[in-house]
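Heads up, the thing below is written out as C-alpha cells.
Sequence lines set the chain letters: A, B, ... in the order given, protein chains first and strands last, and positions in each chain run from 1.
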Amino acid sequence: MPAAQSDAPANPLALVWFRNDLRLDDNPALQAALDNGYVPIPVYIHAPDEGGDWAPGAASDAWRHRSLAALDAALRQRGSHLRYFFGPSLATLQSLIATTGAEAVFWNRRYEPAHERRDANVKTTLRQQGIRVESFNAALLFEPWTVRNKQGLPFKVFTPYWKALLSQWQLGLCVDAPARLPHSDEGPAGVPLEALKLAPERDWDRGFWDEWTPGEAGAHAALETFVDGALRGYREQRDRPDRIGTSRLSPHLHFGEIAPRRIVSVLERERTAGNGADVDAYLRELGWREFAHHLLHHFPETPDRNFDARFNDFAWSPVSAAQLAQWQQGRTGVPIIDAGMRELWQTGWMHNRVRMIVASFLTKHLRYHWRHGARWFWDTLVDADLANNTLGWQWVAGTGADAAPYFRVFNPVLQASKFDPDGDYIARWVPELSGLPVPLRFSPWQDPAALRRVAPDYPPQPLVDMGAGRDSALAAYRKLRG
DNA sequence: GCCTTTTTTTG
DNA sequence: AAAAAAAGG
C-alpha cells in the first residue's frame, strides 16, 4: 500500500444499535448507515433494567442469547461482527462515539413505554453533542401514531382500526440483506456474548430447542414451513392446538428476526385463488399485533393498569400462592388448562386458543387479577411481548380496549371438546391422562374411579368447581355494575 | 374470539 | 324431539 493512501479520508463510521431487530434482511437502520456511506459498527448493549418494571424474562433471555449468536454469525459471513457491551445505553453509546470516532448512530424503534422514553433521551442528548442520530421503523407495518380515527384520536376498537389500516394499506418495498458489509476495528471489542449471562445456567430450556431455532435463518425457515403447510386451511385450523395450525412466528417477530413487511410480501406472492381467505385471516392476526402496539404507544400505562378504569374497584380474589402455583405448574385438575401450562413451561410457548382458555380460568374462575397471569407469561414465554401480552390479558379479563365483556367466561371442558376434539393435545402435554377415553379426558373428575386407576397422582377434583367459579365471577361483575 | 337458558323452527 | 336462533349475562 502506498503511504499516501493512509492520508485519504476513511469512510466515516456509524454505530448501528441493534435491539429487537436482530436481522440483516430489510433492516432500515443498517441500510441507512450503508446508504449514507458509513461503515457500520454493529453493537448490542445489555441494559435489562432500562425496561423498567418489565425487564426481559428468563425465557426471553434464553432466546435472545441464541438470536444474538445467530446475528453475529450472519454478520461475520459478510465480513463484519457484533460487539456486545453492558449498559447504561446512553453512556455506552457516548463512550463508543468517543473511542471509535463514529459520527452517527442509527437504530430501529421500540414501542415499550420505558424504551420510548429512554430512546427519546438518547436521541436528544446525542444530537446536542452534534452526533447524527436517526431511528427507523423495522417492527411494524404502520407506526402507531400514523393511524387515527376521524376525530384524530387513536382507535380503541379493533374492527374500525383494521378497516382504517386496510384503507391506507401502502407498504414500501423490502430491502434484501447486504451481501457484504464494510468493517472497522476502531474502538473497543466489547465483551463476549457469554458475559451477558443470557443463557440459563441450568439447562431448563432444553425442551425449547427441539421446537425453535432462534435467529433470522430460523425465522425464514419457520415462514417457509408455514407457507408450505399450515397456511392452507389457516382460517379454520388456527384454533386447533392439536394441529400445527398456526404460523409459529411470534418469537421471531418479537425479536425482529423477520420483518412483518417481509411476511406480508411473501404471503402476497403466495396468494392463490384457493388460499385467499387464509392469507386474509393471517393478515388480520398481524393486524391484532399492530393494534396491540398502537394501544401500548397511546396508552402506555396499560401494562400495569386497567384500560377500563371501572375495573379499578373490581373484587379480585386475594391470591393464594399455592393455588397460583397449581395454575403455573399445570396441576389444576382441569386437563386443557394443565396441558397449556405445561406446554408453556416445557417449550416457552402456548397455542393462542389455549392462552385464552387458561387466562379466562385464572381471571374468571379463580378471579385473580390479570396481572398475575401477565407476569407469569412474561417470564415463561419466548415470545413475551409487552404490547401483545398486555392486550391479550386485558382482552380476556374484560378490562381492556375492545375486550371480551367480562361475562364471557370460557368453559374449559367445552373449549377442549371443541378445539381438541380427539384429546390429542391433552394427551401430549398431560400424558398421564392418555389412558382415559375421550369425553372423560376433558373432565376426568366425572369418573373418580377411572381417574384414580389411570392417573393416581393427577388432582382428583378441579381447583375450582366449573359452575361455581363461573357463577361467582358473574356475581362479582354484577356488583361492579350495580 | 363465550356460555347458558329460553324461544322458535324444523323434520 | 332435536336443531337453530335469540336473548341476556
* Listed once per pair and sorted, the salt bridge (Lys or Arg N to Asp or Glu O under 4.0 Å) pairs that draw on residues 448-461 of chain A, sequence neighbours left out -> none

* How would you list, by chain and number, every residue that makes a ring pair (Phe, Tyr, Trp, His ring centres under 6.0 Å) with Trp204(A), sequence neighbours excluded? -> Phe208(A)

* To do: For His294(A), enumerate each residue passing the ring pair (Phe, Tyr, Trp, His ring centres under 6.0 Å) test, keeping only those at least two apart in sequence or located in another chain.
  => Tyr161(A), His298(A)

* Whole Å only: how far is the OH atom of Tyr406(A) from the P atom of dG1(B)? -> 19 Å

* Asked: Taking C-beta and beyond as the side chain, do Trp393(A) and Arg375(A) meet within less than 4.5 Å on heavy atoms?
  -> no

With a cut-off of 3.5 Å and sequence neighbours excluded, list every side-chain donor-acceptor pair involving residues 162-176 of chain A.
unit_1	atom_1	unit_2	atom_2	d
Ser167(A)	OG	Ala164(A)	O	2.8
Asp176(A)	OD1	Arg262(A)	NH2	2.9

* Which ones in residues 285-298 of chain A lie close to DNA chain B, meaning a heavy atom under 4.0 Å from one of its atoms? -> Glu285(A), Trp288(A)

* **Pairs touching residues 461-475 of chain A that satisfy salt bridge (Lys or Arg N to Asp or Glu O under 4.0 Å), sequence neighbours left out** => none

* Asked: What's the CG-P distance between Asp239(A) and dG1(B), to the nearest Å?
  -> 11 Å

* Asked: What is the distance, rounded to the nearest whole Å, between atom CD1 of Ile336(A) and atom P of dC2(B)?
  -> 14 Å

Side chains of residues 149-159 of chain A: which donor-acceptor pairs under 3.5 Å do they make with residues two or more places apart or in other chains?
unit_1	atom_1	unit_2	atom_2	d
Asn149(A)	OD1	Gln151(A)	N	2.9
Asn149(A)	OD1	Gly152(A)	N	3.1
Asn149(A)	OD1	Leu153(A)	N	2.9

* To do: For Asp471(A) and dT5(B), give me the distance from atom CG to atom C1', rounded to whole Å.
  => 13 Å

* Distance check: side-chain N/O of Asn352(A) vs OP1/OP2 of dG1(B), anything under 4.0 Å? -> no

Which donor-acceptor pairs under 3.5 Å do the side chains of residues 419-438 of chain A make with protein atoms, sequence neighbours left out?
unit_1	atom_1	unit_2	atom_2	d
Asp420(A)	OD1	Asp424(A)	N	3.1
Asp420(A)	OD1	Tyr425(A)	N	3.0
Asp420(A)	OD2	Tyr425(A)	N	3.3
Asp420(A)	OD2	Ile426(A)	N	3.1
Tyr425(A)	OH	Glu343(A)	OE1	2.6
Arg428(A)	NH2	Glu211(A)	OE2	3.1
Glu432(A)	OE1	Arg342(A)	NH1	3.3
Glu432(A)	OE2	Arg342(A)	NH1	3.2
Glu432(A)	OE2	Arg342(A)	NH2	3.3
Ser434(A)	OG	Pro431(A)	O	2.7

Every protein N/O within reach of nucleotides 6-9 of chain C N/O, cut-off under 3.5 Å:
unit_1	atom_1	unit_2	atom_2	d
dG9(C)	O3'	Arg478(A)	NH1	3.0

* Structure fact -> Applying ring pair (Phe, Tyr, Trp, His ring centres under 6.0 Å) to His297(A) and not counting sequence neighbours gives Trp145(A)

* In chain order, what residues pass the side chain to side chain contact (heavy atoms under 4.5 Å, CB included) check against Arg371(A), with sequence neighbours excluded? -> His369(A)

Please list each protein N or O that sits under 3.5 Å from an N or O in nucleotides 3-5 of chain C, with the distance.
none

* To do: Tell me what Arg355(A) touches on the nucleic acid: a base, only sugar-phosphate, or nothing, going by heavy atoms under 4.0 Å.
  => nothing

* **Between dG1(B) (C1') and Trp162(A) (CH2): distance, integer Å** => 16 Å

* Structure fact -> From CD of Gln394(A) across to P of dG1(B) the rounded distance in Å is 19 Å

* Asked: Can a cation-pi geometry be assigned to Lys364(A) and Tyr406(A), taking NZ or CZ under 6.0 Å from the six-membered ring centre and within 45° of the ring axis?
  -> yes

* To do: Give a yes/no on whether any side-chain N or O of Gln415(A) is located under 4.0 angstrom from OP1 or OP2 of dG1(B).
  => no

* Asked: What integer distance in Å separates Lys364(A):NZ from dC2(B):P?
  -> 11 Å

* Base, sugar-phosphate alone, or nothing: which one does Lys418(A) contact when heavy atoms must sit under 4.0 Å apart? -> sugar-phosphate

